[in-house]
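Contents: one structure, followed by commentary.
A note on names: the letters A, B, ... follow the listed sequences, proteins ahead of strands, and every chain is numbered from 1.
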Amino acid sequence: MFDVLRDPKFIFINKQNQLKEVYDTLKNEPIIAIDTEGTSLDPYTNELLLFQIGSKKYSYVIDVRSIKDWRLIKNLVEDTKKLKLLQNAIYDYKVLKISLNMELQNMYDTMVAEAIIRSGLSRAEYGRSLAALTRRYLGATLEKEVRKTFSNFTGSLTKAQLKYAALDIIVLFGIFEKQYELLKKYDLTQVAKLEFKVLPVVGDMELRGFYIDAEAWKNHIKVIEAERKKIAQKLQDAIRPYYKIKSLDLFGNYAEVINLNSQQQLMELFNDKLGLDVSSTGVSVLEKLDHPIAKLMLEYRGYEKLISAFGETLLEKLNPVTKRLHPDYQQLGTFTGRFSCSNPNLQQIPSRGEGAVFRTFFRAPKGRRLITTDYSQQEMRVLADLSGDETLLEAYKTGKDLHSLTAAQMYGVEYTEDFKKKHPELRQAAKTINFGLMYGRGPTSIASQIGVSVDEARELVDKYFSKMPKIKNWLESVAKSGVEKGFVSTVLGRKRFFELPDPSDPNYNREIGKIERASKNTPIQGTSADMTKLAMVRINARFKKERLDAGIIHTLHDEIVSEASKEHAERAYQIQYEEMIKAGEAFLKRCPIEADGGVSIQWEH
DNA sequence: AGAGGTGGTG
DNA sequence: CATGCACCACCTCT
């Protein structure tokens with residue numbers, strides 16, 4: 001293998017009439033590998049330079065600029081019977097769709113496979129880059145320096161560039177074979193199947209992007225900036241008496257006394273100057289302070305947060321070609337199987353309070369509509385199903401309010417339709433426990449949230465578990481099994497592995513506690529992720545089958561957002577709703593599943 | 001460059 | 001003894 005990696009055999013293709021040979025060699029191969037090299041990570045501004053395709057025996061590196069007619073290659077790429085090996089398939093999927101109008105089918109992504117196999121293991125040690133996989137599975141070193149040379153491409157291809165382009169597909173076969181054995185060994189083939197079906201859905205989702213009303217966004221930022229300025233001024237004036245510095249700036253105004261964003265300087269202000277003994281300057285601490293400066297600070301923080309996290313920087317990410325936002329969705333961005341999202345992270349746009357207006361600037365363009373649907377209490381339903389608890393199942397089967405029903409059980413009060421109005425505190429306490437359980441939360445933290453003593457909180461939890469014993473049993477057994485086996489599983493069979501601490505580790509107990517909490521949470525969060533991903537695949541398939549002008553543009557754990565023409569929006573909503581329910585029923589056998597949503601011109605939840 | 005603090009989401 | 005799951009972005013400070 002070393003020799004092959006050092007001196008890869010490949011055929012360079014730079015004439016149209018050579019494609020016949022490529023096609024004839026590969027047309028009967030069940031497994032081929034594909035990769036592309038271009039000038040940019042953004043498919044819309046990328047210039048495609050090289051297209052690599054090959055079997056285990058034959059590798060071809062095609063100079064893209066020399067080919068006019070891609071039909072023979074398109075046949076190979078779109079052949080649903082052939083398995084395509086790729087590293088980071090979504091990138092190539094997007095590039096091939098935009099640059100060559102090809103739609104990759106039946107993909108195996110070595111990067112995604114690795115995330116499935118190593119879920120839970122430290123990223124530093126178990127990277128997913130092609131170089132890391134080559135080292136791990138083939139014991140060889142893949143130079144990555146050459147890759148960078150494509151981004152400032154000068155017009156002619158070097159020998160080194162061709163060589164490494166060829167290597168990028170050659171290594172995939174060996175990695176695939178070893179990963180495939182591991183997928184079977186750990187019983188992860190069902191998960192892999194689902195994840196690979198999700199690949200084109202994510203590719204299309206990233207290509208579509210999310211339209212945003214940039215003008216409205218900018219205007220709102222200006223308003224908030226003015227507010228922040230006012231508050232900052234007030235704050236500086238209020239704290240000035242505590243400091244000696246009273247210098248004036250060039251315009252005769254007072255200079256800033258302290259940097260309001262500096263935690264260090266704020267600690268000094270609150271503790272030394274104001275004598276208020278705070279442990280941190282976070283909202284929860286500041287809220288408890290009855291001091292005008294703390295109140296101003298909270299107000300300032302609110303504006304500062306919105307401006308820094310959701311301000312102009314987000315608009316800088318608008319794509320120059322599409323004028324839309326195209327975030328990166330990490331298909332396995334978490335160890336539980338959820339997506340994560342970045343550049344920008346649309347999974348953290350405010351949904352409540354002052355910041356919620358930002359969501360209204362995410363819109364449907366003219367003549368189009370957004371379809372937003374989310375699972376109703378997805379994770380609680382998963383917990384109900386996995387634990388088999390009768391009270392939870394009854395609530396969901398009869399449509400009773402879950403938190404009221406568990407409160408009624410706990411406190412021995414009769415459940416009525418207006419329970420929420422009659423006993424709001426009881427319901428709130430039950431709700432806190434219901435949610436807390438899913439994170440493996442203990443009495444201490446529950447006590448601090450609902451404002452009772454730790455003993456009272458412990459009593460509440462005991463009471464809860466005595467009425468809902470199956471939940472207690474399920475949580476305890478899954479925590480125990482996570483520590484004993486070193487992994488936990490979702491309903492689909494997705495696994496999260498744990499790196500168990502050494503018993504001599506001074507933090508041993510704390511680490512085990514963490515593993516126990518993650519063991520409780522992962523089957524719940526992870527099964528929910530399985531469900532949402534299956535729903536996305538099914539929705540995408542039906543949109544295609546019915547030839548709707550509709551497509552998924554965003555996902556937020558238990559929520560799916562699509563964009564459709566206004567003519568197709570109602571039908572798209574119907575499909576989206578139905579398929580979410582069906583996906584839910586595929587995983588939950590005891591607990592009914594419910595989803596809500598609708599058609600609108602702006603993102604609403 | 002990386003860590004820690006803070007805070008946004010489900 | 002203490003004990004909240006899963007992320008990402010921005011800021012300051014070293």
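- Protein atom CG of A:L475 is 20 Å distant from nucleotide atom P of C:dT3, rounded to whole Å.
- Using a cut-off of 4.0 Å between Lys/Arg side-chain N and Asp/Glu carboxylate O, A:K230 and A:E227 are scored as salt-bridged.
- Between the side chain of A:Q348 and the base of B:dG8, a donor-acceptor pair under 3.5 Å is found.
- At whole-Å resolution of the value, CD in A:E511 and P in C:dC5 are 11 Å apart.
- The pair A:D42-A:K94 does not meet the salt-bridge criterion, since no charged nitrogen lies less than 4.0 angstrom from a carboxylate oxygen.
- Residue contacts shown for A:Q265 are limited to sugar-phosphate atoms, with no base heavy atom under 4.0 Å away.
- In this structure, A:R352 places its CZ atom 12 Å from C1' of B:dG7, rounding to the nearest Å.
- Closest approach to the A:T334 side chain among B:dG10, C:dT12, C:dC7 is made by C:dC7 (side chain taken as heavy atoms from C-beta onward).
- Within the 4.5 Å cutoff, the side chain of A:I593 has heavy atoms near those of the A:Y375 side chain.
- Residue contacts shown for A:N509 are absent, as no nucleic acid heavy atom lies under 4.0 Å away.
- Regarding A:I349, its CD1 atom lies at a distance of 14 Å from the C1' atom of C:dC7, rounded to whole Å.
- Look at CG on A:D558: it is 6 Å from C1' on B:dG10, rounded to the nearest Å.
- Ion pairing of A:E379 with A:R338 is present here, as a side-chain N (NZ or NE/NH1/NH2) and a carboxylate O approach within less than 4.0 Å.
- A:N343 comes within contact range of the sugar-phosphate backbone alone, with a heavy-atom separation under 4.0 Å but no base atom that close.
- Between A:R494 and A:E195, at least one side-chain nitrogen of the basic residue sits less than 4.0 Å from a carboxylate oxygen of the acidic one, meeting the salt-bridge criterion.
- For A:N259, counting side-chain heavy atoms from C-beta on, the closest listed nucleotide (C:dT12, C:dC5, B:dG8) is C:dT12.
- With hydrogens and angles ignored, a donor-acceptor pair under 3.5 angstrom links the side chain of A:K305 to the base of B:dG7.
- Side-chain proximity of A:S262 to the nucleotides C:dC7, C:dC13, B:dG8 is greatest for C:dC13.
- Note on A:G282: only backbone sugar-phosphate atoms sit closer than 4.0 angstrom, heavy atoms only; bases stay farther off.
- In this structure, A:N345 places its CG atom 12 Å from P of C:dC7, rounding to the nearest Å.
- Of the candidate nucleotides C:dT12, C:dG4, C:dA6, C:dG4 has the atom nearest to the side chain of A:S445.
- Counting atom types as modelled, A:R338 pairs a side-chain N or O with a base atom of B:dG10 as donor and acceptor under 3.5 Å.
- The side chain of A:R301 contributes an N or O atom lying less than 4.0 Å from OP1 or OP2 of B:dG7.
- The side chain of A:Q525 has C:dA6 as its nearest neighbour among C:dC10, C:dA6, C:dC7.
- Dashed line: the shortest gap from a side-chain N or O of A:S340 to OP1 or OP2 of C:dA6 is not under 4.0 Å.
- A:R301 has no carboxylate O lying under 4.0 Å from a charged side-chain N of A:E304, or vice versa, which leaves the two without a salt bridge.
- Distance from the side chain of A:Q264 is smallest to C:dT14 among C:dC5, C:dT14, B:dG10.
- At the heavy-atom level, A:T313 lies under 4.0 Å from the strands shown only through sugar-phosphate atoms.
- A sub-4.0 Å separation between OP1 or OP2 of C:dA2 and a side-chain N or O of A:T444 is absent.
- Separating the CG atom of A:N434 from the P atom of C:dG4 is a distance of 18 Å, rounded to the nearest angstrom.
- Across C:dT3 and B:dG5, the matching P atoms stand 15 Å from one another, rounded to whole Å.
- Among the protein residues, A:T522 comes within range of no part of the nucleic acid, since none of its heavy atoms lies under 4.0 Å from any strand.
- Heavy atoms of A:F335 sit under 4.0 angstrom from primed sugar atoms or phosphate atoms, though from no base atom.
- Between B:dT6 and A:T281, a contact under 4.0 Å exists linking OP1 or OP2 to a side-chain N or O.
- Between the P atom of B:dG10 and the CD1 atom of A:I560 lies a distance of 15 Å, rounded to the nearest Å.
- When distances are taken from the side chain of A:R517 to each of B:dG10, C:dC5, B:dG8, the shortest belongs to C:dC5.
- Comment: A:K480 does not engage A:E476 in a salt bridge, judged by the lack of any side-chain N to carboxylate O separation of less than 4.0 angstrom.
- Checking C:dC10, B:dG8, B:dG10 against the side-chain heavy atoms of A:L556 singles out B:dG10 as nearest.
- The phosphate of C:dC7 has neither OP1 nor OP2 within less than 4.0 Å of any side-chain N or O from A:S342.
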